[in-house]
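Report on one structure; see the data block that follows.
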Amino acid sequence: MLTKKEQRLRRSRQTRIRIAQQGVVRLTVNRTNLHIYASVISEDGTRVLASASTAEAEVRKELGSSGKGGNAAAAQMIGKRIAEKAKAAGIEKVAFDRAGFAYHGRVKALADAAREAGLQF
C-alpha cells in the first residue's frame, strides 16, 4: 500500500508529464504544515525563474508576530508575490502545477491570488 506522500507524488507525475509536453513555464506549489512555497520553473525544467515562500525573512516580518505561514492568508500573500516576481522576470503565462495537492484551501488561495495579480494559467 502507498503512503500518503507516495500517492501525492504519483498524482503529480502525470501533471508534470503533460506540462512538459506543452513546453510552457510552470508555476509549482509545495505546502508543508508550517509553510507554503511557490516557484516558476522554465519550460525545460532546469531553472527556477522566480520563487516565493513564507519562509522568506521579508514575508515572515509581514506576517507579523503570529508568523503563521500555514494558512490561507499567507498563501494569498505568496500568490500575489510570485505573480509580481514572475512579471518582473517577463513571464505572463504559466501552467499551474499543484504537485498532487488538492485544489482546495491554501493551494486554491495561492492560485486565485496569483490570477488576480495578473498571472495567466
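The first residue of the sequence shown is numbered 1, and numbering continues consecutively from there.
By the rule that hydrophobic residues join a cluster once side-chain heavy atoms approach within less than 4.5 Å of another member, Ile17 and Val25 end up as members of separate clusters. No continuous path of hydrophobic side-chain contacts links Val29 to Ile41 [ILVMFWY only; heavy atoms under 4.5 Å]. Under the 4.5 Å side-chain contact rule for hydrophobic residues, Phe121 and Tyr37 do not share a cluster.
From Leu49, atom CG reaches atom CG of Leu27 across 11.0 Å, with rounding to the nearest 0.5 Å. Remark: Arg8 CZ to Leu2 CG distance equals 13.0 Å, nearest 0.5 Å. Atoms CD1 and CG, on Ile78 and Leu63 in that order, are 7.5 Å from each other to the nearest 0.5 Å. Distance check, rounded to the nearest 0.5 Å: NZ of Lys108 to CZ of Arg98 gives 13.0 Å. Considering CD of Glu84 and CG of Leu119, their distance stands at 11.0 Å, rounded to 0.5 Å. The CD atom of Glu62 lies 7.0 Å from the CZ atom of Arg81; values are rounded to the nearest 0.5 Å.
In this structure, Arg115 places its CZ atom where more than 12 heavy-atom neighbours from other residues, nucleotides or ligands lie under 6.0 Å away.
The shortest heavy-atom contact between His35 and Ala55 is ND1-N, 3.6 Å. A pairwise comparison of heavy atoms in Ala99 and Ser12 identifies C-CB, 3.4 Å as the closest pair. For Ala50 against Ala86, the heavy-atom pair with the smallest separation is CB-N, 4.2 Å. In terms of heavy-atom proximity, Ser51 sits nearest to Val48 at CB-CG1, 4.1 Å. The minimum heavy-atom distance linking Ala52 with Ile82 is given by the pair N-CD1, 3.7 Å. Of all heavy-atom pairs spanning Ala95 and Val24, the tightest one is CB-CG2, 3.6 Å.
Thr54 places a side-chain N or O within donor-acceptor distance of the main-chain N or O of Ile36, the cut-off being under 3.5 Å. Listed for the Ser42 side chain is a donor-acceptor partner under 3.5 Å among the backbone atoms of Arg47.
Residues Phe96 and Ile19 form no side-chain contact, since every pair of their non-hydrogen atoms from C-beta on lies 4.5 Å or further apart. At least one side-chain heavy atom of Thr28 sits under 4.5 Å from a side-chain heavy atom of Arg16. For the pair Glu116/Gln76, no side-chain contact is recorded, criterion being any heavy-atom separation below 4.5 Å from C-beta on.
A salt bridge between Glu56 and Lys85 is present, with a side-chain N of the basic residue lying under 4.0 Å from a carboxylate O of the acidic one.
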